[in-house]
There are 2 protein chains.
Amino acid sequence: MEQILPHLDSVFSIDCVLFGFDGKELKILLIERNEEPFKDWWALPGNIVGADESLDQSAARILYELTGLRGIFMEQYYAFGDPNRHPQGRVITLAYYALIRLGGDKEVRPISNYAKRANWLPITDLPKLAFDHQKIYDKGLEKIKRRIKHQPIAFELLPEKFTLTQLQHVYELVLGKKLDKRNFRKKIVSFGVLKELDEKQKGVSYRAATLYRFDKRKYAKLFGKEISF
Amino acid sequence: MEQILPHLDSVFSIDCVLFGFDGKELKILLIERNEEPFKDWWALPGNIVGADESLDQSAARILYELTGLRGIFMEQYYAFGDPNRHPQGRVITLAYYALIRLGGDKEVRPISNYAKRANWLPITDLPKLAFDHQKIYDKGLEKIKRRIKHQPIAFELLPEKFTLTQLQHVYELVLGKKLDKRNFRKKIVSFGVLKELDEKQKGVSYRAATLYRFDKRKYAKLFGKEISF
DNA sequence: ATTACTTAGTGTAAAAATTACACACTATAT
DNA sequence: ATATAGTGTGTAATTTTTACACTAAGTAAT
């Protein structure tokens with residue numbers, strides 16, 4: 001984000017709310033700033049849009065630099081441009097959210113000159129954020145709440161193969177409320193975008209659940225029809 | 001829009017899709033450009049964001065300069081920033097839509113140095129647009145299609161007092177499909193945000209319909225509950 | 001005053017979707 | 001074998017959505 005302050009009239013940046021799900025909690029990736037303003041505060045990762053980058057490319061780059069991940073689902077959702085949102089000058093920022101399956105292989109590796117460190121923090125217990133980043137985060141959460149009701153974005157937070165209980169768990173965390181198990185299954189299956197696999201969950205000390213996969217083909221065919229939770 | 005091209009690395013502008021309803025058709029306000037690039041083409045009105053303006057303020061100013069109207073409902077909906085979207089340099093633009101009741105008092109008065117003239121053109125018959133403005137418009141229409149299903153924005157296109165048939169007409173034009181009269185009335189009334197007036201339509205050569213008004217108070221009370229069409 | 005015309009305004013039955021709700025089954029661990 | 005923890009399933013009641021057509025009210029013309 002707003003770490004660099006060239007003497008231009010205005011700066012255009014992108015800030016990202018990276019939502020991660022580790023099987024248990026919904027988290028976002030925050031960086032601890034190493035520079036003024038807001039030194040030592042937690043902030044959303046962001047950066048200035050490069051001269052030859054599209055907006056989506058820029059967002060993907062920012063995410064890559066911070067996590068080493070590519071091919072992550074990201075979407076812009078709101079531009080913040082209050083003249084006073086940055087204490088040192090005019091910075092208009094476009095917010096993106098990203099959805100990431102955590103807890104496997106890849107570690108977050110914060111290699112950034114303006115960040116001390118980066119951490120996945122549960123959204124249920126966030127620190128105070130720098131700039132207007134609380135507002136940006138709030139709007140991002142709002143956005144995915146609406147999105148998850150109509151678009152198949154929940155799968156982006158899960159491994160390729162998942163159980164229906166895990167899927168329900170994602171919905172519950174994002175929507176912030178409990179859902180009925182039987183009704184949830186009935187509905188989600190009725191959309192016809194899940195493929196039931198001949199495979200069971202492994203490594204659990206109880207009856208293993210059936211694994212499912214999101215079937216992009218079927219979804220593409222449905223396109224136009226509205227999914228609705 | 002992008003008429004001025006200072007020698008900056010990047011320019012940040014706002015483009016507006018002004019939807020107007022005159023009781024019959026849904027129209028948008030387009031300007032005919034007087035300068036290269038795209039001289040003589042039709043384009044969405046837009047301008048560069050001023051140094052001390054918020055984004056919403058800037059959008060409101062652009063609308064005011066073109067129409068003389070203030071206090072119009074506007075909302076940002078998408079940022080377009082392809083590096084090649086403007087032939088002469090990097091211009092990132094944020095798109096707003098506005099909803100305007102046409103056909104009364106106020107005339108559109110295009111006083112702009114870069115426009116020959118401005119015209120309300122029916123969305124059913126639009127000319128080719130400059131830059132990527134077709135894409136911007138398409139996305140704007142998409143946006144209000146979704147919005148009108150969940151938020152009470154239809155009223156912005158109507159006079160303060162309107163008939164249910166007029167309201168239905170707005171929905172039909174935006175959604176691009178016919179709706180059933182009885183079901184429409186049942187539903188819209190069931191939301192409980194309309195106030196039936198003791199007043200009838202005037203100046204029609206047939207039975208006058210009852211007038212209604214959008215009741216902001218009632219709507220505010222419902223806030224949180226979702227309207228759904 | 002009669003008539004023709006145009007839109008307003010209304011109800012119901014069938015179908016579909018949503019909700020609320022509880023227990024037996026399966027696998028593992030001890 | 002037993003305890004434990006989560007899987008997986010059905011139904012009835014309610015609500016919502018859909019499809020559908022005629023009478024009433026007012027205006028205009030004769």
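A, B, ... follow the sequence lines: proteins, then strands. Residue 1 opens every chain. What's counted below: heavy atoms across the whole structure, side chains too, no hydrogens, waters or symmetry copies.
When rounded to the nearest whole Å, the span between CG of L179(B) and P of dC20(D) equals 15 Å. As rounded to whole Å, 13 Å separates atom P of dT7(C) from atom CZ of R185(B). Across the protein-nucleic acid pair, I188(A) atom CD1 and dA17(C) atom P stand 16 Å apart, rounded to whole Å. The interatomic distance linking F229(A) (CZ) with dA17(C) (P) rounds to 14 Å, in whole Å.
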query = Once each nucleotide of nucleotides 21-30 of chain C is scored for protein heavy atoms under 4.0 Å, what B/S/- sequence comes out, 5' to 3'?
reply = BB--BBBSS-
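Ring-plane geometry between F229(A) and F191(A) is classed as perpendicular, the angle between the planes exceeding 60 degrees on a 0 to 90 degree scale with a lower cut at 30.
F38(A) pairs by the ring pair (Phe, Tyr, Trp, His ring centres under 6.0 Å) definition with W41(A), F131(A), not counting sequence neighbours. Applying the salt bridge (charged side-chain N to carboxylate O under 4.0 Å, His left out) test to D40(B) and every residue at least two apart in sequence or in another chain returns K116(B). Partners of R146(B) according to the salt bridge (charged side-chain N to carboxylate O under 4.0 Å, His left out) rule, which considers only residues two or more places apart in sequence or in another chain, are E142(B). Qualifying salt bridge (charged side-chain N to carboxylate O under 4.0 Å, His left out) partners for E199(B), counting only residues two or more places apart in sequence or in other chains: K161(B). Every residue meeting the ring pair (Phe, Tyr, Trp, His ring centres under 6.0 Å) condition with F21(A), not counting sequence neighbours, appears here in chain and number order: H169(A). Every salt bridge (charged side-chain N to carboxylate O under 4.0 Å, His left out) that R213(B) has, sequence neighbours left out, goes to E160(B). Under the rule for a side-chain hydrogen bond (donor to acceptor under 3.5 Å, both in side chains), the partners of Y96(B) that lie at least two apart in sequence or sit in another chain are D56(B).
Within the 4.0 Å cut-off from OP1 or OP2 of dT17(D), at least one side-chain nitrogen or oxygen of K187(B) is found.
Contacts between residues 155-170 of chain B and DNA chain C, defined by a heavy-atom separation below 4.0 Å, involve T165(B), listed by number.
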